[in-house]
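Read the structure below first, then the notes.
Note that this is a predicted model, so its numbers are computed, not measured. Position 1 is the first residue of the sequence, and the numbers go up from there.
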Amino acid sequence: MFQPQPDSHSHSHAHVAHHDQLAYLELLARGAAAEAFDRPALLARADGRGPEALAALEHAKRLALRVRAELAERRRREAELSALFETAHDLAGLRDLDAVLRAIVQRARSLLGTEVAYLCLNDPAAGDTYMRVTEGSVAARFQQLRLGMGEGLGGLVAQTARPYVTDSYFDDPRFQHTRAIDSGVRDEGLVAILGVPLMLGSQVIGVLFAADRHARVFEREQISLLASFAAHAAVAIDTANLLGETRSALAELEKANEIIKEHSAAIERASDVHDRLTELVLGGGGVQDVTSALSEVLDGTVEFAGPDSPSVTALDLTGTEGRATRHGEVWGAAVWAGGELLGALVLRGHPALDSVDQRTLERAAMVTSLLLLARRSAGEAEQRVRGELLDDLLDAPDRDPRLLRERAVRLHADLDAPHVVLAARIDGPDPGAPGATERETADRRRLWSAASHLAATGQGLAATRDGGTVLLLPLAPDDTAADLARRTAKQLGEALREPVTVGASAAVESPAARPGAVAEAYAEARRCLDALRLLGRSGDGAAAQDLGFLGLLLADTRDIEGFVHRTIGEVIAYDLRRGTDLVRTMRAYFASGMSPARTKDELHVHVNTVAQRLERVAWLLGADWQSPARALEIQLALRLHAMSEAVVR
């Protein structure tokens, strides 16, 4: 059978086409640039190929370029997936948040091929976003930027939770340009910027950026890739925060466990103290036993100090309400009873007291208060007996002196020694004020309690009377009634922490021998007390001798000689010693209306002599002897002295 032979021309044409296709495969195999795929067609035109051959080459070129693009896209996707996988692997072994964030920024810069990449985090407290990690940045001002919400591209991303991209930042009107942000971006030289939000749920916590220093269009795939990195960064931050919170919680649990152990030991110690203090109270122990036990438990030196001691004054326990108070390296807890400060427990040698030790000191102060109250109750029973004895002295002057002495001896009082009667009172509220009656009753009770304690320690007597308190206290040989009154006012005022006014009588030489003199002395003390209050000297203490001629009027003894001696005694004594005539000069001076010129006429001496004598009087009596108040007393004393001289003659 006849078979046609192949045309040699057709065979040659097919061979050439096959060779051209192999050229495109070789280009694909070596990853040639897109421009290289134009070469086979150019060579074919140069060889004079026909239109059909050239069309076939063009078709092969398009197919080759499509294959090339798909291979490039696949390689890109593989690189992205590899980078994302490595990022996820880093997150799985997360130890250092900053290291992971730096790796994310570095990979974003590498895969997107940008010159700079950076990450900002939101600051809820400041209401802005700040630069956290940068890669490729060279400008210090850019690295320290803070963007307010809505400011710049990053601020807009943080505010809207949407990606934003610009190929020319300074020419883009969509962003709120500020001097600080634009200066930082200009220092860095950035032009094209892409920013995507870091999201935790619906909350924006920051922004991830990629940027170039020249104009550039970011493709959709690049935006998606950067968003994927941002998602990983958000997970890293959230995980790190959770790990941080877990570590903090564990640390707090460990600390709490240590505190519980310490408190457990402290509670056991406090329980031991409580048991020991209870045993002391039930066993009839005293304050010294409490301080000894407390010194051992608190590992320091504890003492009980009275309300007037320097230790208690330095602690300033006013308003502490029994709480432990520190002054320097000394601790103290006030011992109160019915609003009265009895003293304080003072701890030295242990400046660092924890809360349990402080409560231990406070409880010991309460126990001390109870012990002191118990002792005071026994003392008050004794004081009632003392009060009954003083009432008998005031109300029944005809009592048998022998029986009075016997009762006084049982109370350790010596009624044959000189005594002073003192009337004490707290200035109460306005009688019309709300609660005035209740307040007066409470004041009388507190004053009697403090006065009874003072009388017992001073071997005297005390009783309530006429809305106040009356005391009968012994007078020491070197003491005066006025000094005793002032001292008593001070002691009672400090004990009650409010002013107490005290009026004193003249000394009663032997109350047992002359019981009626006690009632007279009390009347004098009452008049002195009333005078002090009228003179506005509340909270003071005084005797009649302190009140000048007013005291002379108030005193029952009418001690004229004593008044004259206290007022002008120095001048009288000077005249007797020196043979001068100062007393007569003073009489003439006052009689002449305190005029030196008229005085010299009255005395028939030179005016200079009068001046010299008056200077000597001022030296003896004090520079204020001519003041109205003193001049009145001096004139009265001069008259009384003149009367006494006339009687003697």
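Within 6.0 Å of the CZ atom in Arg213, the count of heavy atoms belonging to other residues, nucleotides or ligands exceeds 12. Within a 6.0 Å radius of CZ in Arg220, no more than 12 heavy atoms belonging to other residues, nucleotides or ligands are found.
Put simply, OH on Tyr164 and CD on Gln159 are 9.0 Å apart, with the number rounded to the nearest 0.5 Å. With values rounded to the nearest 0.5 angstrom, Arg102 atom CZ is found 11.5 Å from Ile104 atom CD1. Taking CD of Gln106 as the reference point, atom CG of Leu101 lies at 11.0 Å (rounded to 0.5 Å). A distance of 5.5 Å separates NE2 in His214 from CD in Glu115, rounded to the nearest 0.5 Å. Within the model, atoms CG of Leu153 and CG of Asp172 stand 8.0 Å from one another, a figure rounded to the nearest 0.5 Å. Once rounded to the nearest 0.5 Å, the distance linking CG of Asp128 with CD of Glu151 reads 8.5 Å.
Arg446 has a carboxylate O that lies under 4.0 Å from a charged side-chain N of Glu498, or vice versa, which qualifies the two as a salt bridge.
Under the 3.5 Å distance criterion, the side-chain polar atoms of Asn122 are left unmatched by any main-chain donor or acceptor of Ala158. A donor-acceptor pair under 3.5 Å is formed between the side chain of Thr129 and the backbone N or O of Leu121. Side chain of Gln222 to backbone of Glu219: a donor-acceptor contact under 3.5 angstrom is found.
In this structure, the side chains of Leu208 and Val105 come closer than 4.5 Å at one or more pairs of heavy atoms. Contact of the Val207 side chain with the Leu147 side chain is not registered, since no non-hydrogen atoms from C-beta on lie closer than 4.5 Å. Residues Leu190 and Phe142 are in side-chain contact: their nearest non-hydrogen atoms beyond the backbone lie under 4.5 Å apart. Under the 4.5 Å side-chain criterion, counting only non-hydrogen atoms from C-beta, Val185 is in contact with Phe170.
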| request: With side chain to side chain contact (heavy atoms under 4.5 Å, CB included) as the test, would you mind laying out the steps for Ile205 and Met199 before giving the verdict? | output: CA-CA 6 Å; Ile205 63 171; Met199 304 288 294; over 6 Å; no

| request: Begin from the C-alpha positions of Gln143 and Ser137 and carry the test side-chain hydrogen bond (donor to acceptor under 3.5 Å, both in side chains) through to its verdict. | output: CA-CA 7 Å; Gln143 295 167 9; Ser137 172; 3.2 Å; yes

| task | Step by step, work out the salt bridge (charged side-chain N to carboxylate O under 4.0 Å, His left out) result for Arg141 and Glu188. | result | CA-CA 9 Å; Arg141 181 155 53 175; Glu188 194 63 56; over 6 Å; no

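Annotation for Ala108 and Leu226: closest pair CB-CD1, 3.7 Å, computed over non-hydrogen atoms. Contact between Leu200 and Asp238 at its shortest, heavy atoms only, is CD2-CB, 3.5 Å. Nearest heavy-atom pair across Val196 and Ala230 is CG2-CB, 3.7 Å. Of all heavy-atom pairs between Leu496 and Ala450, the closest is CD2-CB, 4.0 Å. Here the shortest heavy-atom pairing between Pro163 and Pro197 reads N-CD, 3.9 Å. Closest approach of Leu112 and Ala210 over heavy atoms only: CD2-CB, 3.7 Å.
The aromatic rings of Tyr169 and Phe175 lie parallel to each other, their planes meeting at an angle below 30°, with 60° marking the opposite boundary. Ring geometry for Tyr118 versus Phe209: interplanar angle under 30°, hence parallel rather than tilted (30 to 60°).
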